[in-house]
Peer 1: 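Sharing a structure here in C-alpha cells format.
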Amino acid sequence: MAVATPTRAPEVRRSGIDSRYRRGVGRWLVLAAAVVVGLMILAPFGIMLLNAVKSPQDYSANGPLSLPSSIYLDGVLAFWERTEFPVKLWNSVFISAVVAVLGALLSLLNAYAIGIGRVKGRLWIVTLFLLANMLPQEALIYPLFTMAQSVGLSNSQWSVIIIFTVIQSAFGTYLLASVLGTFPPALLEAAALDGASRWRILWQVVFPIMRPTLSVLMIFFFIWTWNEFFIPLVMLTTNDTQTIPIALASLQGDRMMDAPTINAGTLVSLVPAVVFFLIFQRTLTRGVTAGAVK
Amino acid sequence: MADSTSILTARRSRAGRRPRAPRRGRAAWVGYLPYLLPGAVAFAVVIGYPLLSNVYFSLFKWRGGMAPLRWNGLGNYADLLGDDQFWTSFGNSLAMIVAMVLVPTIVGLLLAAVLFDYLGRRFGERVSSVLRATYYLPQILPVAVAGVLWNWILNSQTGALNEILRGMGIDAPPNWLGDPATALPAVMLVLIWIQIGYPVVIFMAALQRVDPELYEAAELDGAGWWHRFRAITVPQIRPETFVVTLTCTVAALKVFAPIYVLTRGGPESSTLVPSYYSYLNFFDKSQVGYGAAIATVLTLVIVVLAVIILGLQGRAERREREGI
C-alpha cells in the first residue's frame, strides 16, 4: 500500500495564513499520492463494474480491462434467478431490521438500570457486556446450534435474530450506559417530584432525549447484522432462509458461474449496502454529533 | 465490530464525569433491577450458557448430535499442543494482526493527518472528505461480498489480475490463492484493502476535536508538517488509537469470512486461522470436542489481550491526568 509521503510544509510567512498555504508544488505531489491511494482502493470496484455487464464471450475474447462491447444483463439475470434474490433480500432486510429494533430496546433497558439507576456492581456488568461483544462466535456456535435444534428454531431466521439481538445489545448497553451516566439530573429530579414512576421517566423523559443516539445505534446494528457471515452460515441451511452474503458465497463454488455472473452477483449484492449507507450517511453524522455535544 | 468506535470515541472523553442521579433512600438502585432482567436472561441464554457449554464440550470426545460424549479430560488441549495445524493457525493470526491492525493503523494515521492537516487546508474540506469516503468504501460492503470479488480478481485462470499480467506478456503469472507461498500475502493484501478506511475515518473524527490553535502556534514557531504530526497529532489522538488497536486486534483474531470465501484455510494450511480451524472441526470433521477446545483457547487469547489493552489504556489515561 502506497503511503502518501508528506513533504515539508512551506516556510511559514507571517504575512497571512491563506497565502502561505497556496505556495509550493509539494502540495500537488501530496494530493497526487492521496489520489493514487484512492484509485487503488477503487480499482477492484471499477474492474467489477466493467465485467458485470459483459458477456462471457466478450470476457474471454477481450479480457477484464476492455470496455464491454455491448451491455449484457444476462449475468445479472442469471444471478437474480439462481439465488432467488428477492427472497434473500427480504431475509437480510427482515433479520437486520428486527435486530436493530430489538437490540436498541434491550440496550436502552439495560443502560437505564446501569446509567441512571446506578445499580450496584455496574462497572462489572458493563465490563461483562463489553467482553461478551468481543467473544469469538465460534465459542458459542455449537451450543447455540444444538439449542436451536432442540427448541425447533433450526434453520429459522428467528434463531439468528435472537442471537444478534443479544450480541449487538451487549455493545449498545456499553455505549448507552456511559451516555446515560451523564444524563442531566435536573430533568430526572423534576420528573420524580412530579410523581412520575421509573417506567414513565424512562419513556417520557429519557427516551425522547436519547432518540438521536438510539437511531444511530439502530443503523449500526442494522449494518453489522446485514454484514454478518459466520452465524447465518451455520444456522440458515436452506435457500429460503439465507441472507445475501451467504447466497453469494455459496454460489461461488458453483462451476457454472462464469466471471461475468460472479461480477454481476457481487454488484447486485453490494448495491443494497451502498444504498443504505448513502441514505443514512447524514443521519449517522448528525446522530453522532448530536450525542457528543448534547 | 467495524464502525463501532466512531460513537464509542465520541463518548469516551465524557465518561469520567458522572452527575449523580436523584437520591431516594439508600438503596434506590434496587428499584431499577427489573429493567436489567430481560437483558440478564437473554445474556445468560445466548452468551453465558453457550460459552460454558462450549468449555464443557471441550472436555469430551464427541462426534456431535446424538453421538455419545466420551470423557477426555484435558486430552483435547494436550492434543492441541502437538497439533501443527493449531500452531500454524495461531501463527497466521499474527499475519492477520499485521494486515488488519499494524499496517492499517500506521497508514491510516498518516492518511488521516495528511487529509486533515495538509490537503484539507490547501485544497478545501471537499477534497479531503471525498478522499476519505473513497478510502472507506470497502468497509461498507459485507466482508463475504468483498471476499468473493477478490477471489475472482485473484483467480489464477479467469481472474482479472492474471489476465492483466498475461496481457503484459507474463506467460505464467502466479497462482495467487492456490500457491502456499503467495496465498497468505494475497489474503493479507485483501484484508488491508478492506480495513484501511476504518482508522482513517476514526482518526479524522478525532482530529476534529483537537484545538486548531495548537497547530497554529506550532506552525508560527516554525514546526514543519512532520514535526507537528509527531508532537501534536499522534499524542492528541492516542485514546482513539487505543480503541482502534483494540477493536482491530480482536477482529483480526476472529477473522473468518474472508478466509472462508478466499481460501478455506488452504493451500496446505498456509492461510488457516483459529476460527476457521474450529469451524472445520465442528462441522466438517465432526470433532466437536476438539473444535470446542480450539474455540476456548481463542476466547482466552482474545479476553487476555483485551484486558491488557484496556489496562494499558487506563494507565495512559491516568498518567495523562496526573501529568497535566
Side-chain angles (χ1 to χ4, degrees), chain A residues 1 3-4 6 8-9 12 21 27 30-31 34 38 41 44 47-48 63-64 106 109-110 112-113 116-120 131-132 134-136 138-140 142-144 163 166 171 175 178-179 181-182 185 188-189 192 198 216 227 229-230 245 248-249 252 259 262 266 269-270 273 277 288 292, chain B residues 4 6-7 10-11 14-15 17-22 29 32 35-36 38-39 42-43 46-47 50-51 53-54 107 110 114 118-119 121-122 131 134-135 140-142 144-145 148-149 152-153 158 160 163 167 192 219 222 224-225 250 254 256-257 261 275 278 282 288 295 298-299 302-303 306:
Chain A
M1 189 61 40
V3 182
R8 258 187 72 89
V12 177
Y21 287 136
R27 65 201 177 104
V30 177
L31 180 67
I41 287 171
I47 295 184
M48 183 261 295
L106 198 58
L109 290 178
N110 286 340
Y112 186 56
I116 289 187
R118 316 192 70 72
V119 296
K120 222 173 174 170
L131 286 176
M134 293 182 181
L135 289 179
E138 290 77 18
L140 309 173
Y142 208 87
L144 286 174
I163 294 168
V166 178
F171 174 79
L175 177 76
S178 81
V179 181
T182 63
L188 299 173
E189 270 156 28
R198 292 186 191 92
V216 176
N227 290 352
F229 187 70
F230 181 69
L248 184 67
Q252 181 189 234
I262 289 182
T266 316
S269 303
L270 66 79
F277 180 76
V288 171
Chain B
S4 56
S6 47
I7 9 184
R11 233 53 92 179
R14 312 161 356 115
R17 296 178 273 126
R18 284 173 181 256
R20 301 290 307 182
W29 60 271
Y32 288 90
Y35 293 89
L36 216 46
F43 187 86
V46 175
I47 294 179
L51 189 65
S53 303
N54 185 72
V107 176
L110 278 171
V114 166
Y118 193 93
L119 292 177
R121 292 194 201 181
R122 283 162 182 81
L131 283 167
T134 311
Y135 299 160
I140 60 176
L141 305 184
V145 173
V148 171
L149 175 59
W152 164 70
I153 292 178
T158 58
E163 290 277 343
I192 292 173
E219 227 169 324
W225 188 90
V250 171
K254 295 202 292 191
F256 176 86
V261 176
S275 66
S278 73
F282 281 139
V288 176
L298 179 61
T299 309
I302 288 176
V303 169

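Note that these values count all heavy atoms, side chains included, but never hydrogens, waters or copies made by symmetry. Residue numbering restarts at 1 for every chain, and letters A, B, ... go by the order of the sequence lines. Computed from a prediction, not measured in an experiment: that's the story for all the values here.
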Peer 1: Which is it for A:L106 and B:F43 under the side chain to side chain contact (heavy atoms under 4.5 Å, CB included) test, yes or no, and what are the steps along the way?
Peer 2: CA-CA 10 Å; A:L106 198 58; B:F43 187 86; over 6 Å; no

Peer 1: If you compare all heavy atoms of B:L119 against all heavy atoms of A:R27, which two are closest, and at what distance to 0.1 Å?
Peer 2: CD2-O, 4.1 Å

Peer 1: Measure the CG-CG distance between A:N227 and B:L141 for me, rounded to the nearest 0.5 Å.
Peer 2: 8.0 Å

Peer 1: What are the two closest non-hydrogen atoms of B:V148 and A:A249, and how far apart are they?
Peer 2: CG2-CA, 4.2 Å

Peer 1: Taking the inter-plane angle between the rings of A:Y112 and B:Y32 on a 0 to 90° scale, is it parallel (under 30°), tilted (30 to 60°) or perpendicular (over 60°)?
Peer 2: perpendicular

Peer 1: Atom CZ in B:F256, atom CZ in A:F230: separation rounded to 0.5 Å?
Peer 2: 5.0 Å

Peer 1: Where is the tightest heavy-atom contact between A:S269 and B:V145, given as atom of each residue plus distance?
Peer 2: CB-CG2, 3.9 Å

Peer 1: Let's test your reading of the structure: which of B:A257, B:S275, B:A144, B:S53 forms the most heavy-atom pairs below 4.5 Å with chain A?
Peer 2: B:S275

Peer 1: For B:T299, is it the side chain, the backbone, both, or neither that has a heavy atom closer than 4.5 Å to a heavy atom of chain A?
Peer 2: both

Peer 1: Where on B:V261 is there a heavy atom nearer than 4.5 Å to chain A: the side chain, the backbone, both, or neither?
Peer 2: both

Peer 1: Do you know the tightest heavy-atom contact between A:A113 and B:Y35?
Peer 2: CB-CB, 4.0 Å

Peer 1: Specify the closest pair of heavy atoms between B:P142 and A:P245, including all atoms of both residues, with the distance to one decimal.
Peer 2: CB-CG, 3.9 Å

Peer 1: Please flag which part of A:L31 lies under 4.5 Å from any non-hydrogen atom of chain B: side chain, backbone, both or neither.
Peer 2: both

Peer 1: Distance check, rounded to the nearest 0.5 Å: A:N110 atom CG versus B:L36 atom CG?
Peer 2: 5.5 Å

Peer 1: Say you draw a straight line from CZ of B:F282 to CD of A:E138; how long is it, rounded to the nearest 0.5 Å?
Peer 2: 8.0 Å

Peer 1: I'd like to verify something: which residue of B:P50, B:A306, B:G39, B:P38 has the highest number of heavy-atom pairs under 4.5 Å with chain A?
Peer 2: B:P50

Peer 1: Which of the residues A:L131, A:L140, A:I163 is involved in the greatest number of heavy-atom pairs with chain B at under 4.5 angstrom?
Peer 2: A:L140

Peer 1: How long is the span from the CG atom in B:L131 to the CD1 atom in A:I41, to the nearest 0.5 Å?
Peer 2: 9.5 Å

Peer 1: Can you say whether B:I47 sits under 4.5 Å from chain A via the side chain, the backbone, both, or neither, judging by heavy atoms?
Peer 2: both

Peer 1: Go through B:L51, B:L298, B:V303, B:I153 and name the one with the most non-hydrogen pairs under 4.5 angstrom from chain A.
Peer 2: B:L51

